[in-house]
Amino acid sequence: MDSTYSHKDHEDKIYKLWEESGALNPDTQKNADKSKPPYTILLPPPNANASLHAGHGMFVVEDILVRYHRMLGQPTEWLPGTDHAGFETQYVYEKHLAKQGTSRFQFDRQTLFDDIYQFVQDNSGTIFAQLKKLGFSCDWSRATFMLDDKVVKIVYDTFAQMVEDGMVYRDNYIVNYSPKQGTTFSDLEVTYATRQDPFYYIRYSSDPEIIISTVRPETKFRDTALACNPNDPRYKDLIGKTITFNGLLGPVEMQIIADDEVDMEFGTGIMKVTPAHDAHDFALGKKYDLPVLPLIDFMGKMDFSWYIDSHQSPATSHESLYLERARKYHGKKVAEARKLIVEDMMAEGMIVKVDEKYTHNVAVDYKTGSDIEPMVMPNWFVATKKLAAPAIAAARNKKVQFVPARFEKTYYDWMENIRDWPISRQIVWGIRIPIWYSVKDNPNLSVTFLDKDKNRVTGIVGELLGDIRYTTYDILSGLQSLRAPMGAKYVVSVDSPGEDFLPETDTFDTWFSSGQWPLTTLNYPNGDDFNRFFPTQVLDTMWDILFFWVARMIMFSLYKTGEVPFSTVYLHSMVTDEKGAKMSKSKGNVVNPIELVDKYGADALRMALIAGSAPGNPIALSENKVRGYRNFSNKLWNIGRYITLLTEQSEFSSSKVQVSSQSEDKKLIDELNDLVKKTTENLDNYRFSDAALSAYDFVWNRLASDYLEKTKSREDKEAVFATLYTVFSTCLKLLHPFMPFVTEAIWQEFGGELLITSPWPVY
RNA sequence: GGGUGAUUAGCUCAGUUGGUUAGAGCGCUUCGUUUACAUCGAAGAAGUCGGGGGUUCGAAUCCCUCAUCACCCACCA
């Protein structure tokens with residue numbers, strides 16, 4: 001044995017040994033005891049085109065659990081996979097296209113999908129190779145990709161079933177829409193940016209005095225009411241009345257409604273209601289039956305065609321001015337239009353005050369920070385209330401338990417206030433929603449497609465088909481996007497129901513498919529794996545996707561099977577930099593785990609991530625800490641080396657050793673037994689840090705520094721050897737889940753079967 | 001606005017249901033080339049456990065309160 005442990009000489013070879021031994025697959029796992037219940041964990045699928053980041057390293061808790069239960073003799077399944085990651089991946093791909101000077105608009109949706117598929121294929125494989133570098137003992141034979149046929153089939157089945165059960169519906173509803181990204185986002189995908197914007201006080205009327213305040217004067221053209229608090233003495237007498245005033249586009253009539261939700265303290269206490277472009281106003285509109293009048297189009301541009309078209313022949317100079325204004329605003333981006341509108345309002349003396357330093361929160365999408373424009377449009381929704389009820393009950397009945405327990409409360413808070421879930425995304429990369437629209441029944445479908453000459457054409461299907469140049473087939477083959485108006489007739493079908501049909505171009509929210517991961521990976525409902533491994537034992541992930549993913553898996557699983565998909569949710573640490581700050585590219589404090597593995601070995605990194613970590617709490621990763629555990633790897637190696645040297649220097653052989661009855665030796669054995677008990681209990685209770693550190697402490701301080709040093713002077717080398725060998729080999733087992741490579745490497749030096757499938761010590 | 005977590009040695013953090021002199025790693029000081037390991041060994045310094053109050057025979061641990069930091073949810077025109 002070399003005098004220092006060189007991880008590079010061992011890690012890859014050992015991983016190969018494990019793979020070849022069949023240990024990673026429960027069907028070939030040598031020590032699998034069929035009479036014992038299987039132990040199953042599903043790896044949260046990383047993005048297929050991702051590479052490893054420090055956060056992935058925390059999946060080590062899963063490897064620890066899997067290795068521990070494998071050593072207990074349970075048939076053990078750790079099922080890996082990758083996610084297509086919908087919008088995130090398409091965003092990455094679009095940046096890639098931009099670099100090549102092109103964009104998604106140059107391709108029909110099928111071509112674009114195929115190209116992204118290829119792009120993802122080209123980048124896939126790295127993440128699995130990197131997970132292997134960390135020593136993760138996944139069953140690669142069952143690796144699943146979110147777009148595999150078996151996954152897509154189950155997702156389609158679920159959708160069809162939900163449509164039938166009335167759990168999925170199509171509705172015209174206000175959604176978070178990003179004009180820049182061209183897609184809807186769910187509430188969870190929206191975040192808020194604090195911004196400073198001018199806050200305008202606009203006079204609507206002098207007698208009675210009505211001044212409203214807003215940051216969005218450009219939307220006032222489609223206001224459908226003014227609202228005040230019913231108890232506001234300033235406006236009490238006006239409630240229910242209709243006032244008339246002069247707007248930039250002529251006289252406007254507006255009724256005044258009252259609602260408790262209007263805050264008397266805020267601004268002037270009276271607000272404009274724009275149901276088409278504000279979620280709160282939309283809700284008010286529903287309550288008071290106000291019309292929804294859109295003003296901003298899907299590209300984020302002002303649409304004044306509603307005014308222009310109906311005011312084509314102005315009779316007065318006023319009317320000419322109004323029309324001129326409407327034309328000026330029309331087609332402008334929101335921000336630009338706002339400027340022009342404010343200028344005109346200023347000129348008209350309508351703006352009485354501007355608070356330039358008003359700070360407020362603006363909705364942006366979580367990934368790119370593009371502005372969210374609340375828009376009313378048809379989307380597919382999942383009715384979540386009925387799904388949530390059993391999911392809440394399951395947690396209350398302890399069918400699912402959270403580690404740490406406090407997340408149970410977070411889970412309830414979200415589940416009890418759950419809102420319907422918009423699942424359609426206007427992107428290409430994902431699983432297409434299996435809906436078809438007949439062009440005959442729906443002549444008012446709006447489509448964008450590339451014609452035979454690759455020109456981009458947008459229009460209404462009925463009109464386009466009246467043109468000799470276009471057939472349904474042309475539209476279908478060049479199709480980029482389709483927008484079906486509310487009330488369109490549709491057929492739920494995976495394949496085209498006929499020649500006269502055009503497909504829904506929306507795809508599912510990526511979480512709609514990943515939410516069914518326990519079902520799709522295990523081949524619900526009749527797969528052997530499903531019968532064997534479902535429900536699984538532990539789901540481990542970080543707390544940031546508790547709602548996105550964990551909650552959805554619980555809901556889907558209960559909906560489809562009546563059972564929870566896993567009994568324990570373990571929420572591992574967020575990996576931060578050494579100062580405890582969140583890692584981010586912009587801060588430049590991102591640690592590359594593979595570099596640390598190269599430098600110090602996977603075992604060292606694993607220990608650094610586990611030692612001192614607690615579920616639900618952040619863990620600071622520093623190179624120093626990793627180096628410290630690299631030293632421990634070397635310590636283990638050298639203890640092994642010392643034991644080997646003992647046998648080489650003496651005549652006795654390792655096969656016939658017996659632990660002596662010397663009190664010094666017996667005491668150590670007793671302490672070892674305590675350690676085995678403690679480690680086992682800690683593992684059973686998800687106390688990984690304690691389990692790792694108690695073994696670390698025992699090996700280094702008790703075994704190496706104390707016992708080993710003291711016994712160097714002893715004459716009865718054979719007895720010392722016996723004790724050392726017994727104690728140390730047990731310690732290797734205890735440490736194997738945490739430091740699989742070095743423990744296996746030493747084990748191999750001792751000869752014999754693989755450590756990975758050796759029995760866990762008993763106490 | 002609602003909620004959660006954190007605050008323990010210079011740094012990063014453990015401390016399970018309250019129980020003897022509060023722990024680890026790194027760092028620091030002094031010494032050591034003892035053939036397992038200098039990726040080491042020996043010895044050592046260092047904390048009134050955020051402030052205040054309370055419960056208890058006993059509190060880092062339970063309760064109240066304040067402060068600071070971090071995060072989550074909602075988002076007021």
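Labels below follow one simple rule: chain letters A, B, ... track the order of the sequence lines, proteins then strands, and each chain is numbered from 1.
- A:D413 contributes no side-chain N or O that forms a donor-acceptor pair with the base of B:rC73 under 3.5 Å.
- Contacts of A:V273 with the nucleic acid, taken as non-hydrogen atoms under 4.0 Å apart, are absent.
- Straight-line distance between the C1' atoms of B:rC57 and B:rC28: roughly 40 Å, to the nearest whole Å.
- Classification of A:R714 and A:E664 as a salt-bridged pair holds, one side-chain N sitting under 4.0 Å from a carboxylate O.
- With a 4.5 Å cut-off on side-chain heavy atoms, A:M350 and A:R203 do not count as touching.
- Atom CG in A:D2 sits about 16 Å away from atom P in B:rA36, given to the nearest Å.
- Contact annotation for A:N624: backbone-only contact, meaning every heavy-atom pair under 4.0 Å involves sugar-phosphate atoms and none involves a base.
- Across the protein-nucleic acid pair, A:F547 atom CZ and B:rC73 atom C1' stand 7 Å apart, rounded to whole Å.
- B:rC64 sits 16 Å from B:rG18 when the P atoms are compared, rounded to a whole Å.
- Residues A:R195 and A:D371 are paired through a salt bridge, judged by an N-O separation under 4.0 Å between the basic side chain and the carboxylate.
- The nearest whole Å value for the distance from the CD1 atom in A:I211 to the P atom in B:rA77 is 18 Å.
- For A:N617, the side-chain atoms get nearest to B:rG5 when compared with the rest of B:rG25, B:rG5, B:rC76.
- Aromatic ring centroids of A:Y358 and A:H360 lie under 6.0 Å apart.
- Aromatic rings of A:Y629 and A:Y696 (six-membered ring for Trp) have centroids within the 6.0 Å cut-off, being under it.
- Proximity of A:R419 to the phosphate of B:rC75: a side-chain N or O atom is located under 4.0 Å from OP1 or OP2.
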Q. After noting the C-alpha distance and the side-chain angles of A:E416 and A:R396, does the key distance pass the salt bridge (charged side-chain N to carboxylate O under 4.0 Å, His left out) rule?
A. CA-CA 12 Å; A:E416 281 162 3; A:R396 295 227 188 268; 2.7 Å; yes
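- Contact check on A:R702 versus A:D697 returns no salt bridge, with no Lys/Arg side-chain nitrogen under 4.0 Å from an Asp/Glu carboxylate oxygen.
- Residue-to-nucleotide contacts include a donor-acceptor pair under 3.5 Å from the side chain of A:R630 to the base of B:rU39.
- Between A:F750 and A:F728, the angle of the ring planes goes over 60°, which puts this pair in the perpendicular group of the 30/60° scheme.
- When the nucleotides B:rA42, B:rA77, B:rC13 are ranked by their closest atom to the side chain of A:H360, B:rA77 comes out on top.
- The gap from the C1' atom of B:rA59 to that of B:rU17 amounts to 14 Å, rounded to the nearest Å.
- Taking the P atoms as reference points, B:rU16 lies 43 Å from B:rC76, given to the whole Å.
- The side chain of A:D263 approaches B:rC76 more closely than any other nucleotide in the set B:rC37, B:rC76, B:rG3.
- For RNA chain B, the neighbouring residues in residues 212-227 of chain A, judged by any heavy atom under 4.0 Å, are A:S213, A:T214.
- Atom CE of A:M271 and atom C1' of B:rC76 are 8 Å apart (whole Å).
- Among the heavy atoms of the strands, none lies under 4.0 Å from A:E265.
- Straight-line distance between the P atoms of B:rA70 and B:rC75: roughly 23 Å, to the nearest whole Å.
- Remark: A:N631 is not in phosphate contact with B:rC37, judged by side-chain N or O atoms under 4.0 Å from OP1 or OP2.
- Atom name C1', nucleotides B:rA22 and B:rC13: the rounded distance is 14 Å, in whole Å.
- Residue contacts for A:Y696: at a heavy-atom cut-off of 4.0 Å it reaches the sugar-phosphate backbone alone, with no base atom in range.
- Checked by distance alone, A:E261 brings no side-chain donor or acceptor within 3.5 Å of a matching partner on the base of B:rA77.
- Residue-level contact check: A:N682 touches neither bases nor backbone, having no heavy atom under 4.0 Å from any strand.
- Rounded to whole Å, atom C1' of B:rU16 lies 16 Å from atom OH of A:Y686.
- Atom CZ of A:R687 is separated from atom C1' of B:rU16 by 4 Å (rounded to the nearest Å).
- Rounded to a whole angstrom, the distance from the P atom of B:rA14 to that of B:rG58 is 29 Å.
- Between A:F688 and A:Y570, the ring centre distance stays below 6.0 Å.
- Taking the ring centroids of A:H7 and A:W637, they lie at or beyond the 6.0 Å cut-off.
- Between the side chain of A:K712 and the base of B:rA36 there is at least one donor-acceptor pair of N/O atoms closer than 3.5 Å.
- Within the 4.0 Å cut-off from OP1 or OP2 of B:rU39, not a single side-chain nitrogen or oxygen of A:Y629 is found.
- Among the nucleotides B:rC76, B:rG41, B:rC37, the one closest to the side chain of A:N638 is B:rC37.
- For the pair A:L708 CG and B:rG41 C1', the interatomic distance rounds to 12 Å; values are reported in whole Å.
- Of the P atoms belonging to B:rU20 and B:rG27, the separation is 31 Å, rounded to the nearest Å.
- Nucleic acid contact class of A:I270 (heavy atoms, under 4.0 Å, all strands): none.
- Using a 4.0 Å heavy-atom distance criterion, A:S705 is classed as a sugar-phosphate-only contact.
- Residue contacts shown for A:I639 include a base, since a base heavy atom lies under 4.0 Å away.
- Closest to the A:S3 side chain, of the nucleotides B:rU4, B:rC37, B:rA14, is B:rC37.
- Residue A:K635 places a side-chain atom within donor-acceptor reach of the base of B:rC37, judged by atom type and a 3.5 Å distance cut-off alone.
- Within the 4.0 Å cut-off from OP1 or OP2 of B:rG41, at least one side-chain nitrogen or oxygen of A:W700 is found.
- To the nearest angstrom, C1' of B:rA77 lies 7 Å from CG of A:D281.
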